[in-house]
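Only one structure is covered here, and it is reproduced in the block below.
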Amino acid sequence: MQKDNSSVKDNMHSQLLFQQKELAQRCLDIAGVILVALDGEQKVAMINRKGCELFGHREDEIIGKNWFDEFLPDEDRERTRTGFKKYIGADIESMAKFENFIRTKSGENRLIAWSNTLLKDENGRIIGTLSSGEDITERKKAEEALRTSEATMRSILQAAPIGIGIIKNRTFYFVNDYACQVSGYAKEELLGQSARMIYETEEEFQRVGEEVYRHIAEKGVGIIETRFKTKNGDLIDVYLSAAPLDPSDSEQGFTFTAMDITRQKQNIEYLKKSEVQLRSLAAHLQTIREDERGAIAREIHDELAQVLTALKMDLSLIEMDIKERDEIFSLAKLSKDIVMMQSLIDATIKKLRRLITELRPEALDNLGLVPAIEWQIKDFQSRSGVRCDFQMNRKELSLDKNREIAIFRIIQEALTNIGRHARAKTVKVTIDQKLRHIVIRIIDDGVGFSMDILDNPKSFGLLGMKERAIVFGGSCIIESNKAAGTTVTVTLPTGE
Ligand SMILES: Nc1ncnc2c1ncn2[C@@H]1O[C@H](COP(=O)(O)OP(=O)(O)OP(=O)(O)O)[C@@H](O)[C@H]1O
Ligand SMILES: [Mg+2]
């Protein structure tokens with residue numbers, strides 16, 4: 001009876017043990033993590049179902065194999081083995097948490113985050129490790145992708161030559177460096193503040209808000225031109241564009257971009273002004289041509305035609321005298337008439353020369369630019385009485401005919417202006433030939449003029465000088481002030 005009792009007990013005990021083992025195995029198998037036990041020889045003593053699934057091996061293909069040699073990729077093997085050795089040498093800190101790659105049956109590497117614990121026998125000796133692992137391959141990839149996209153975003157925001165920011169309830173929530181640069185405010189000065197601070201007036205702030213919201217409601221994007229007031233009070237023209245972060249919920253805020261278009265606006269204004277000036281210049285040139293033709297026709301009529309008529313009449317009288325041989329006829333009178341006719345012819349030749357020179361200076365065609373300018377300056381000096389100084393850094397200039405004419409005419413106009421308006425005492429003309437361009441300066445010490453005159457589309461002389469330079473890709477800058485007279489600086493590419 002005694003014996004029976006103890007055998008029933010034994011039986012119950014072994015049944016209980018079996019059930020506990022079964023229970024433990026099931027727990028291991030249903031665990032959501034990988035569980036692996038290694039013995040002191042680095043061999044796998046136990047692996048759960050999840051672990052087998054991850055590797056793609058059966059349990060018996062894993063148990064008893066060296067963990068590091070068989071299941072880790074080359075690049076992670078020794079680092080992990082060293083960690084393991086330290087750990088079972090009781091260096092608790094080194095391996096409690098660890099990340100390393102494992103290699104699956106199909107040859108794929110997966111990154112596992114491990115939590116480790118030491119296994120000990122009843123005497124407290126370390127006999128192996130138990131690790132639970134989580135496959136974090138995808139999470140790491142996602143984190144990496146997020147990091148990359150955040151870095152990309154940051155660098156785009158930094159590199160963009162345009163102000164970019166986020167506004168919530170018209171308050172700055174984010175701004176990039178360029179937005180700070182354009183507005184003159186530091187990030188800390190903008191963030192958390194109402195956008196009102198960068199508008200000149202409350203009305204403009206309201207207008208922009210209303211317009212932008214209206215556009216967004218209609219088209220999804222709000223685009224408007226406005227002006228920002230920078231920290232130092234300057235007004236800049238801005239092309240503003242805004243879109244909601246979440247189209248279904250404007251409370252989430254708006255992304256905006258702000259482009260500084262001050263320079264473009266100025267250029268457009270400048271172009272518009274130039275166009276008006278050019279049109280008016282073209283019309284003026286047309287009139288001038290007609291006027292000049294009229295003047296030449298008048299000169300020819302008044303001077304040449306009349307002189308020739310007079311000469312013809314004189315000759316007729318002489319002819320009559322000779323034919324009739326009357327007593328009044330004498331050689332002395334004939335000689336006197338001839339002298340008178342000669343002086344009339346001389347005066348006419350002079351007039352004709354002047355007329356021709358005005359049309360096209362002879363010196364320019366016959367002698368070249370430099371002597372023509374010297375002649376022009378001498379002529380100006382003797383007619384105006386203004387002392388004139390001429391300097392050049394070269395003896396000769398090598399320019400084509402069209403450029404020579406342009407330079408000659410520019411100097412001519414500048415000198416004519418000095419003669420007519422400047423009341424100058426002295427004039428200095430300098431020509432510097434550089435490697436690829438030539439710089440001409442005409443400086444007077446006269447009364448100067450207000451710079452508004454330059455914008456006047458009726459300043460045809462000044463505009464003409466500019467146009468002549470621009471035709472060759474050059475420039476003509478006119479500086480004038482009442483105290484120091486006027487300086488005309490022409491820069492012309494030599495075209496070589
Ligand atoms: N060197 C100068 N010194 C003082 N005033 C000048 C000088 N050059 C030009 N100006 C001023 O600029 C104005 C415009 O000059 P611009 O040459 O365009 O016209 P203009 O000489 O009056 O007439 P034109 O069309 O016949 O040349 C002049 O009327 C004069 O007031
Ligand atoms: Mg003039």
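Below, each value reflects all heavy atoms present in this structure, side chains not excepted, and no hydrogens, waters or symmetry copies. Whatever order the structure lists them in is the order used to number ligands and atoms, beginning at 1. Positions are given from 1 along the sequence.
The shortest N/O to N/O separation between Asn417 and ligand 1 falls below 3.5 Å. Considering backbone and side-chain atoms alike, Gly461 places an N or O below 3.5 Å from some N or O of ligand 1. At under 3.5 Å, a nitrogen or oxygen of Leu462, whether backbone or side chain, sits near a nitrogen or oxygen of ligand 1. Distances between N or O atoms of His421 and those of ligand 1 include at least one value under 3.5 Å.
Close approach to Phe460 involves these atoms of ligand 1, each under 4.0 Å from a residue heavy atom: 18 (O), 25 (O). Atoms of ligand 1 found under 4.0 Å from any heavy atom of Thr486, numbered from 1 in the order shown, are 1 (N), 2 (C), 3 (N). When each atom of ligand 1 is checked for a heavy atom of Ile453 under 4.0 Å away, the hits are 12 (O), 13 (C), 14 (C), 31 (O). Listed by number with element, the atoms of ligand 1 under 4.0 Å from a non-hydrogen atom of Gly448 are 4 (C), 5 (N).
The CG atom of Leu235 sits 10.0 Å away from the CD atom of Glu204 when rounded to the nearest 0.5 Å. Expressed to the nearest 0.5 Å, how far OG1 of Thr226 lies from CD of Glu211 amounts to 10.5 Å. Note that NZ of Lys428 and CG of Asp444 are 13.0 Å apart. Values are rounded to the nearest 0.5 Å.
The nearest protein atom to atom 1 (N) of ligand 1, hydrogens excluded, is given as Asp444 OD2, 3.0 Å; this is a heavy-atom distance. Looking from atom 5 (N) of ligand 1 to the surrounding protein, the closest heavy atom is Phe449 CD2, 3.2 Å. Looking only at protein heavy atoms, the nearest one to atom 24 (P) of ligand 1 is Arg420 NH1, 4.0 Å.
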Can you give me every donor-acceptor pair (side chain of residues 251-261, partner residue at least two apart or in another chain, under 3.5 Å) with its distance?
{"residue": "Gln252", "atom": "NE2", "partner": "Asp249", "partner atom": "OD2", "Å": "3.0"}
{"residue": "Asp260", "atom": "OD1", "partner": "Thr262", "partner atom": "N", "Å": "3.0"}
{"residue": "Asp260", "atom": "OD1", "partner": "Thr262", "partner atom": "OG1", "Å": "2.5"}

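For the pair Leu72 and Arg77, the tightest heavy-atom approach, listed with the atom from each and the gap, is O-NH2, 2.9 Å. When all heavy atoms are compared, the tightest approach of Gln193 to Met197 is CB-SD, 3.5 Å.
Contact annotation: for Leu463 versus ligand 1, there are no heavy atoms closer than 4.0 Å.
Within the 4.5 Å cutoff, side-chain heavy atoms of Arg387 are placed close to those of Gln381. Between Met341 and Leu315 the shortest side-chain heavy-atom distance falls below 4.5 Å. The closest side-chain heavy-atom distance from Arg289 to Arg293 is below 4.5 Å. The shortest distance between side-chain heavy atoms of Leu492 and Ile410 does not fall below 4.5 Å. Counting only heavy atoms from C-beta outward, the side chains of Gln277 and Leu281 never approach each other to under 4.5 Å. No side-chain heavy atom of Val447 sits under 4.5 Å from any side-chain heavy atom of His421.
Closer than 2.8 Å to the Mg ion (ligand 2) sit the protein N, O or S atoms Glu413 OE2, Asn417 OD1.
Ligand 1 has Glu413 within reach: a non-hydrogen atom of the residue lies less than 4.0 Å from it.
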